[in-house]
Amino acid sequence: QNSGNGVIISESNDGGQTFIDSPVTTETPALFFNFWEQVSEDDIFVSLGTQIHYSNDQGLNWGIRSPPNSITNNFETQFLSATLGYLYGENATTEVPEVYQTMDGGQTWTLLFDLPTHAFSQSNDSFDFTDPDRIIVIPRFPTGSAFLYDLNNSSLSMVNAPDFINQVKSVNSSSFAVMTNQEGTYYTNDNGSNYTKLKVDIGGSGTTTTIPPFFVESDESITFYDRSYVNRVKVGPPLTPDFLVGPEVADLGTTTNYFLPVDPNADTDWELLSGGNLILDPDLEEFRASVEWTTPGTHTLRARRTTDFGNSAYVSIQVFVNSIVDTTPPTVITQDITVSLDQNGAVTIEAA
């Protein structure tokens with residue numbers, strides 16, 4: 001805000017280290033920065049009331065784009081580019097949710113599908129239009145269902161979903177993640193047939209919300225943001241450990257330790273194929289294992305990462321166990337001698 005005279009829109013080209021102010025604008029959409037959908041360096045959409053405001057010069061000047069005629073003022077948009085966008089809103093006559101697509105930046109709209117058996121709730125329904133192959137819409141009421149629309153085949157299907165979802169994010173054409181009001185976050189990689197609960201520390205000490213926004217970074221990584229923390233969760237199979245280290249030669253009857261790099265997001269599965277006894281400490285086995293060697297020869301110790309989403313490949317180490325071990329106690333050979341200390345209380349004795 002510029003002394004009540006308007007809004008300064010600033011941009012950074014170095015990751016936020018410095019900002020350059022644009023000219024001051026008094027246009028209404030500029031006041032609602034938290035509703036912005038900035039799809040390129042210049043193109044911005046803001047849905048307010050019954051209209052969609054659009055700027056192609058970084059917010060200095062604004063035009064108006066209208067929603068479809070059948071839609072009430074209860075709607076939300078998600079633009080993916082200056083031309084491609086989607087609208088989710090309530091039909092003024094039937095009062096059911098409808099989904100529209102635009103290919104010209106909101107100048108014209110095409111109805112894709114509606115949800116005739118579900119009521120519309122602008123603040124509670126969840127949707128995601130970012131995947132190029134399918135759309136996800138999850139009404140808040142009734143609970144327990146999600147709708148998937150195949151953009152290639154123009155077909156709509158209903159699948160099961162956890163209750164009371166407040167956010168949904170597409171991961172790829174067969175996977176998506178949802179967050180519920182009960183602080184549970186779930187992931188499906190078969191479009192809703194099965195769900196796995198993610199291990200996410202949400203609402204803990206020092207956080208500011210129990211429902212943080214989350215974003216899909218890649219097919220294997222989801223990041224949760226709160227003002228006090230960033231929490232990244234991997235949803236694909238874990239990576240193979242970078243190394244497995246420890247003594248490659250050991251003596252029969254000895255115990256040696258072996259180590260992996262730490263991975264806090266996965267458990268470790270150790271396996272000794274032959275040669276002795278595997279010893280695991282529950283507090284340390286994510287990165288350390290001990291082996292008591294009982295059999296001479298060459299033996300293999302291996303380990304892999306494991307999560308709810310699968311296992312990594314094994315990393316292994318070959319250990320040669322010596323078969324000859326000297327078990328005879330040494331003989332100590334000594335004799336009594338008499339020595340004199342010097343003035344400093346010291347004496348030197350020759351081995352002979």
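What you see is a predicted model, and the numbers here were worked out from it, not measured in a lab. Index from 1, following the sequence.
- For Glu90 (side chain) and Pro97 (main-chain N/O), no donor-acceptor pair under 3.5 Å exists by modelled atom type.
- Here Asp281 contributes atom CG and Glu286 contributes atom CD; the two are 11.5 Å apart, rounded to the nearest 0.5 Å.
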Ser121 and Ser123: CA distance, side-chain angles, deciding distance, side chain to side chain contact (heavy atoms under 4.5 Å, CB included) verdict: CA-CA 6 Å; Ser121 176; Ser123 60; 4.1 Å; yes

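- The cluster map of Ile, Leu, Val, Met, Phe, Trp and Tyr, joined by side-chain heavy atoms under 4.5 Å apart, puts Phe127 and Leu115 in the same cluster.
- Scanning all heavy atoms of the two residues, the minimum distance from Ala250 to Thr254 falls at CB-OG1, 4.1 Å.
- In this structure, a donor-acceptor pair under 3.5 Å is absent between the side chains of Thr188 and Tyr186.
- Tyr54 places no side-chain N or O within 3.5 Å of a backbone atom of Gly105 that could act as its donor or acceptor partner.
- Inter-residue side-chain proximity for Ile136 and Val168 is flagged as met; some heavy-atom pair is nearer than 4.5 Å.
- Residues Leu301 and Leu278 form a side-chain contact, since some pair of their non-hydrogen atoms from C-beta on lies under 4.5 Å apart.
- A side-chain N or O of Thr300 and one of Gln318 form a donor-acceptor pair less than 3.5 Å apart.
- Here the closest non-hydrogen pair linking Glu11 and Glu41 is OE1-OE2, 4.1 Å.
- The NZ atom of Lys169 sits 6.0 Å away from the CZ atom of Phe215 when rounded to the nearest 0.5 Å.
- Asn257 and Ser290 are linked by a side-chain donor-acceptor pair at a separation below 3.5 angstrom, with hydrogens and angles left out of the test.
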Worked check of side chain to side chain contact (heavy atoms under 4.5 Å, CB included) between Phe45 and Ile52: CA-CA 7 Å; Phe45 292 90; Ile52 302 167; 4.1 Å; yes

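- Summarising the local packing, CG of Asp14 is surrounded by more than 12 heavy atoms from other residues, nucleotides or ligands at distances under 6.0 Å.
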Intermediate values then yes/no, ring pair (Phe, Tyr, Trp, His ring centres under 6.0 Å), His118 and Phe147: CA-CA 11 Å; His118 293 75; Phe147 291 87; 4.9 Å; yes

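- In this structure, a donor-acceptor pair under 3.5 Å is absent between the side chains of Asp267 and Thr306.
- Of the possible donor and acceptor atoms, one in the side chain of Ser55 sits under 3.5 Å from a partner among the backbone N and O of Asn61.
- Taking each heavy atom of Pro238 and Gly310 in turn, the nearest pair found is CD-O, 3.3 Å.
- At a cut-off of 3.5 Å, with distance as the only test, a side-chain donor of Thr256 or Trp293 sits close to an acceptor on the other residue.
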Asp150/Leu148 under side chain to side chain contact (heavy atoms under 4.5 Å, CB included): CA gap, chis, key distance, verdict: CA-CA 7 Å; Asp150 190 320; Leu148 308 181; over 6 Å; no

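- Using the six-membered ring where Trp is involved, Tyr195 and Phe176 have ring planes that are perpendicular, over 60° apart on the 30 and 60° scheme.
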Worked verdict on Ser10 versus Asp21 for side-chain hydrogen bond (donor to acceptor under 3.5 Å, both in side chains): CA-CA 4 Å; Ser10 302; Asp21 292 341; 2.3 Å; yes

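- Under 4.0 Å is where a charged nitrogen must lie from a carboxylate oxygen, and between Asp269 and Arg304 at least one such pair does.
- Side-chain atoms of Asp131 come within 3.5 Å of backbone atoms of Ser173 as a donor-acceptor pair (strictly under, hydrogens ignored).
- Side-chain atoms of Leu198 and Phe214, non-hydrogen and from C-beta on, never get closer than 4.5 Å to each other.
- Criterion: ILVMFWY side-chain heavy atoms under 4.5 Å apart, direct or through other members. Under it, Met103 and Ile135 are part of a common hydrophobic cluster.
- For the atom pair CG (Asp190) and OG (Ser175), the distance works out to 8.0 Å, reported to the nearest 0.5 Å.
- In this structure, the side chains of Val178 and Thr185 stay at 4.5 Å or more apart for every pair of heavy atoms.
- Tracing side-chain contacts under 4.5 Å through hydrophobic residues (I, L, V, M, F, W, Y), one never reaches Ile64 starting from Phe35; they form parts of separate clusters.
- Glu76 places none of its side-chain heavy atoms less than 4.5 Å from the side chain of Leu87.
- By the side-chain contact (heavy atoms from CB on, under 4.5 Å) test, Glu98 pairs with Ser70, Ile71, Asn91, Tyr100, Leu111, Asp114, sequence neighbours left out.
- The closest side-chain heavy-atom distance from Tyr314 to Thr240 is not below 4.5 Å.
- In this structure, Gln167 CD and Ile138 CD1 are separated by 11.0 Å, a value rounded to the nearest 0.5 Å.
- In this structure the side chain of Asn160 never reaches within 4.5 angstrom of the side chain of Ser145, judged on heavy atoms.
- The backbone N or O of Pro296 sits nowhere less than 3.5 Å from a side-chain atom of Ser323 that would complete a donor-acceptor pair.
- Here Tyr187 and Phe309 bring their ring centres to under 6.0 angstrom of each other.
- Taking CD1 of Ile8 as the start and CD1 of Ile20 as the end, the distance is 13.5 Å to the nearest 0.5 Å.
- Within the 3.5 Å criterion, the main-chain N or O of Thr130 finds a donor-acceptor partner in the side chain of Asp128.
- Judged purely by distance below 3.5 Å, without hydrogens or angles, the side chains of Thr196 and Asn194 never pair a donor atom with an acceptor atom.
- Here the CG atom belonging to Asp251 is positioned 5.0 Å from the CG atom belonging to Asn322, to the nearest 0.5 angstrom.
- In this structure, Ser312 contributes its side chain and Arg305 its backbone to a donor-acceptor pair below 3.5 Å.
- Heavy atoms only, all atoms of each residue included: Pro29 and Leu48 are closest at CA-CD1, 4.1 Å.
- No option in Trp109, Phe120, Phe113, Phe75 other than Phe120 meets the ring pair (Phe, Tyr, Trp, His ring centres under 6.0 Å) test with Tyr88.
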side-chain hydrogen bond (donor to acceptor under 3.5 Å, both in side chains) evaluation trace for Arg134 with Ser170: CA-CA 9 Å; Arg134 64 103 161 80; Ser170 175; 2.9 Å; yes

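- Just one of Asn166, Asp163, Asn124, Asp125 meets the side chain to side chain donor-acceptor pair (under 3.5 Å) condition when paired with Arg140; it is Asn124.
- Taking all atoms of both residues into account, the shortest heavy-atom contact from Val347 to Ser340 is CG2-O, 3.6 Å.
- There is no side-chain donor-acceptor pair under 3.5 Å between Glu285 and Thr268.
- Residue Asp133 forms a side-chain contact (heavy atoms from CB on, under 4.5 Å) with just one option from Asn152, Asn153, Asn172, Leu151, and that option is Asn152.
- A centroid separation of 6.0 Å or more is found between the aromatic rings of His53 and Phe32.
- Taking each heavy atom of Ile44 and Gln38 in turn, the nearest pair found is CG1-CG, 4.0 Å.
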Ile317 and Val245: CA distance, side-chain angles, deciding distance, side chain to side chain contact (heavy atoms under 4.5 Å, CB included) verdict: CA-CA 7 Å; Ile317 186 171; Val245 296; 5.7 Å; no

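- Taking the side chain as every heavy atom from C-beta outward, Leu84 and Phe79 never approach each other to under 4.5 Å.
- With hydrogens and angles left out, the side-chain atoms of Ser193 and Asn191 include no donor and acceptor closer than 3.5 Å.
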